Structure formats: C-alpha cells, structure tokens
2 protein chains.
Amino acid sequence: MAPQTAAKTQDLSSPRVILEHFLPYRLNVLASLSSNALAQIYAERFGLSIPAWRVVATLGQYEYRTARDIAAHGVMHKSTVSRAVASLERRGLIARRPNKDDRREELLELTAEGRDIYEALAPEALAFEERFVSVLTHEEQRLLASLIDRLSGHARQLAPDGEVEG
Amino acid sequence: MAPQTAAKTQDLSSPRVILEHFLPYRLNVLASLSSNALAQIYAERFGLSIPAWRVVATLGQYEYRTARDIAAHGVMHKSTVSRAVASLERRGLIARRPNKDDRREELLELTAEGRDIYEALAPEALAFEERFVSVLTHEEQRLLASLIDRLSGHARQLAPDGEVEG
DNA sequence: GCTTATTAGTTGCACGTGCAACGAGTCAAT
DNA sequence: ATTGACTCGTTGCACGTGCAACTAATAAGC
C-alpha cells in the first residue's frame, strides 16, 4: 500500500464501462429485440426487408414521397433506399413517377397491390406494438416517448451530417 | 355517404402506422444515432467494429469470458462473435485459452495491448454517454433505464429463441 | 450563356452478417 | 463401449449495406 496517500488499488485501474448500465448498448439491444420480432411479421409473411417495410410504411402513411424524403425521414442511407425501391418496383408494389418540376427526383407511391399489403400489415404492426409496450402503463408509454424524442433530437445534433442507418 | 350510418370516409381505410409514433421505429432510429456516434470513437481511432468493441468491452468488464457468454450477453450471433474474436486475436488484442474442464469452449481475455486500448476507450465511451444523456435530468435518466429494462425483459419473452443482433 | 457547385438517385466494390452445415467435444442411456 | 442428442465454435455461401464514384438535372456565380 502506498505509505503517503490512502489510495486504494481500485484507483489504479481506469474506469470501466458496465455494459448493463451503458445506454447505447441497452438501446441497441432493445431496438434489435423489437426490430427482429417485428421483422418476423413482414419478412416471413410478405418477404419484405427492413428497408422495404419502411418504404411501404412511409408511403402508406404519406401517399406520395420521394426516395430522398424516405431516406431522411426513415434515417437510412440513400443507396439502401434506392435498392429497396428498385426491389419493390420489380414486385409491382410501388410505382415511380418523375416530378415534372424537378426531373432529378421521382415521386413514389404504393400500387393497389402494395396498398393491399400495407393494409394487411399495418394492423399487425400496431398489434405487435401494443403487445410490446403492454408491460408499461399508458402514462409510462407517454413518458418513454417523450424521453426518446428529446434524446433523438439531441443525438441528431451530436451527429450532424446526414443519414444514419435505422 | 352511407344513408343508414354516419360512417365517415375515414372508416373505410384501414388503420395507419404513424412512424413518428411507432415505438420500434423510434427505438431503432435512436439506437442507430447513438451507435453511429459512438462508433466514430472506436472505429476511427482504434479500428474496431461494433462486435469487436463489444468483445473488448465485455472482457474489459469481466476479465474472462467465453465466446458464447459474450454472444448471449451482448445479444449477438455466435458467428459474428467468432469472427470478431478471430480478428482481435490476429491483432494481438485478446488471447484464447482452452477450458480444461470443457474443451469445447475457450476462455478469452484481453492481452496487455488489448487492455491498453480498453483503458483508452472506456473513459471516452463514458464521456460520450454523459454527453448523450445530458439533455435528461438524473431522475429522467434513472427512469429511462428502468423503462428500457422492463421492455427488454418483456421483449426477450416475446422472441424466445436465442440470439438477437445488437 | 457558360462554368462550377450542389442534389437525386444508381451502381461497383468491399465487407459485415445471418444462416445452415459442419467438426469436435460432452453427456446420458443402454 | 457405442450410440445419439446436444453444445461450442468455425466456415462457405448468399445477401444486405455503406462508401465512393458516377450520371443526370438543377441552381448559383459571373
């Protein structure tokens, strides 16, 4: 033991990251759990990848969107969206239509068949979410949502540039 | 309009998923934001992938662990861990030592060099976490942690089988 | 009008990852 | 001892994804 100071041996080792308490780690585990469980619904039953599901969900919600909007909104890389869009178009689930005002971009929308899938999927997704959060009271759900919102807003400032995989 | 009932046209369309309110989506976006920001630290400065960082962090915290433990604990696929371990071993950051009691498994530990990296990384990871959650009060942080814990426990029951990417 | 910078979207490439199949080791039953 | 079920870890394969470079279109500077 050091004679001069009362330093404990613990002080000589640097701080440790306790993974069970480490927020980025915990968030990723929880996000993966929810993502994978949800993916079983849209992957096994409709053959949709995660990005494809997001494109369908965005167009189901918003009617018309450009690929760029979906990428920014869904926080995905533009190449990821590009490939998901190409795949969905090959399957006849979405249609693209050039924007006459700016011919660089294309407006995307669900076809009738795509909307059928969305309308089959949406209730199941909502039902899953309900099961998922059923351990929390409504008040806790509301609180969690607001904490996530504040953290997300702050995190986007910390990582300012562009798209982030979601 | 239907003459008999006061049904609105809205009622004819199926329910929609509002992505901005959809918890699996929001969780994934937030997890990605934190993950990517954190990855800048250990990727750019130490050349570690996410799984490699998790192996190092686990061994930094626990001293000895098997690959299987790390996979289960870190919620990763065993092949993912296997490759991260192989890569870290090639770089001389971890060492493996067969378990004499059960020669199927190998005990992993950080080498001196691996520990150096961990000790450089851990304070930065903790500092990042602090910046990340600094928008929340301590009480809110504590609350968020408990909500995440309860959701994670519940989610593991919903998706019972095995490993989940983190 | 021309030149340069910027933006939407695509694609080749490299790489990380999940899956399934496999080898090696353990354990239980007989 | 032998068989069969199970577990730890590795690896071939296919595929999804990020990155950077590219095309086409637009916008800005002059």
Side-chain angles (χ1 to χ4, degrees), chain A residues 28 31-33 35-37 39-40 42-44 47-55 64-90 94-108 159 161-166, chain B residues 28 31-33 35-37 39-40 42-44 47-55 64-90 94-108 159 161-166:
Chain A
N28 273 282
S32 296
L33 285 166
S35 235
N36 292 352
Q40 287 200 335
Y42 53 74
E44 291 177 1
L48 297 181
S49 66
I50 293 178
W53 146 254
R54 292 210 178 153
V55 170
Y64 302 100
R65 290 271 114 161
T66 68
R68 197 211 157 274
D69 289 338
I70 295 173
H73 181 264
V75 208
M76 292 179 289
H77 197 98
K78 62 180 181 174
S79 61
T80 301
V81 175
S82 171
R83 281 182 268 246
V85 164
S87 150
L88 288 168
E89 191 188 27
R90 275 195 300 274
I94 69 175
R96 52 219 304 178
R97 175 161 51 92
N99 177 0
K100 297 207 166 165
D101 294 341
D102 185 343
R103 277 165 23 240
R104 287 174 301 185
E105 60 183 30
E106 302 167 302
L107 293 173
L108 306 173
D161 50 316
E163 62 289 290
V164 183
E165 198 279 320
Chain B
N28 273 283
S32 296
L33 285 167
S35 233
N36 292 352
Q40 287 199 334
Y42 53 73
E44 290 176 3
L48 296 180
S49 66
I50 294 179
W53 146 254
R54 293 210 177 156
V55 171
Y64 301 100
R65 289 272 114 161
T66 68
R68 198 211 156 275
D69 288 339
I70 296 173
H73 182 263
V75 208
M76 292 178 290
H77 197 98
K78 61 180 182 174
S79 61
T80 302
V81 175
S82 172
R83 281 182 268 246
V85 164
S87 151
L88 289 168
E89 190 188 28
R90 275 195 299 274
I94 70 175
R96 51 216 311 176
R97 175 162 52 90
N99 178 0
K100 297 206 167 165
D101 293 340
D102 184 341
R103 282 170 14 244
R104 287 172 302 184
E105 60 183 27
E106 301 168 302
L107 293 173
L108 306 172
D161 51 319
E163 63 288 293
V164 183
E165 199 278 318

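What you see is a predicted model; the values in this text were computed from it and never measured.
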Exercise for review: With the side chain counted from C-beta on, respond yes when B:Val85 and B:Leu108 share a heavy-atom pair under 4.5 Å apart, and no when they do not.
Suggested key: yes
Practice item. Starting at atom CD1 of A:Ile50, determine the distance to atom P of D:dG18, rounded to an integer number of angstrom. Key: 11 Å
Which pairs, protein N/O on one side and nucleotides 5-7 of chain D N/O on the other, fall under 3.5 Å?
| from | atom 1 | to | atom 2 | distance (Å) |
| --- | --- | --- | --- | --- |
| D:dT7 | O4' | B:Arg104 | NH1 | 3.3 |
| D:dT7 | O2 | B:Arg104 | NH1 | 3.2 |

Practice item. Using the test salt bridge (charged side-chain N to carboxylate O under 4.0 Å, His left out), find all partners of B:Arg90 that sit at least two apart in sequence or belong to another chain. Key: none
Practice item. Determine: side-chain N/O of A:Arg96 to OP1/OP2 of C:dA8, distance under 4.0 Å, yes or no. Key: no
Review point. Looking at residues at least two apart in the chain, or sitting in another chain, which of them share a salt bridge (charged side-chain N to carboxylate O under 4.0 Å, His left out) with B:Asp69?
Key: none
Exercise for review: Locate the shortest heavy-atom distance separating B:Ala84 from B:Val55; write the atom from each residue and the value.
Suggested key: CB-CG2, 4.2 Å
Review point. Do B:Thr66 and B:Asn99 have side-chain heavy atoms sitting under 4.5 Å apart?
Key: no
Practice item. Compute the bend angle of the helix from C:dG1-D:dC30 to C:dT30-D:dA1 from the end axes (five pairs per end), rounded to 10°. Key: 20°
Point to revise | Closest nucleotide among D:dG9, D:dT26, D:dC19 to the A:Arg103 side chain | key: D:dT26
Review point. What residues, two or more places apart in sequence or in another chain, satisfy salt bridge (charged side-chain N to carboxylate O under 4.0 Å, His left out) together with A:Arg96?
Key: A:Glu89, A:Glu106
Review point. Short question: side chain of A:Ser87, backbone of A:Arg83 - any donor-acceptor pair under 3.5 Å?
Key: no
Exercise for review: Measure across A:Ile50 and A:Tyr42 and return the closest heavy-atom pair with its distance rounded to 0.1 Å.
Suggested key: CG1-OH, 3.4 Å
Review point. Does B:Ser32 reach the main-chain N or O of B:Asn28 with its side chain, forming a donor-acceptor pair under 3.5 Å?
Key: yes
Point to revise | Earlier contact from the 5' end, DNA chain D, for A:Asp101 and B:Leu107 | key: B:Leu107
Exercise for review: Please state how far atom CD in A:Glu44 lies from atom P in C:dG18, giving the value in whole angstrom units.
Suggested key: 16 Å
Check your understanding: Is the shortest heavy-atom distance from the side chain of A:Val81 to the side chain of A:Arg54 under 4.5 Å?
Key -> no
Revision key, fill the gap. Each nucleotide of nucleotides 11-16 of chain D classed B (base within 4.0 Å of a protein heavy atom), S (only sugar-phosphate) or -, in 5' to 3' order, makes BB----
Review point. Separation of A:Asp102 atom CG from D:dA28 atom P, in whole Å?
Key: 12 Å
Point to revise | Euclidean distance, atom CG of residue B:Asn99 to atom P of C:dT26 [Å, nearest integer] | key: 9 Å
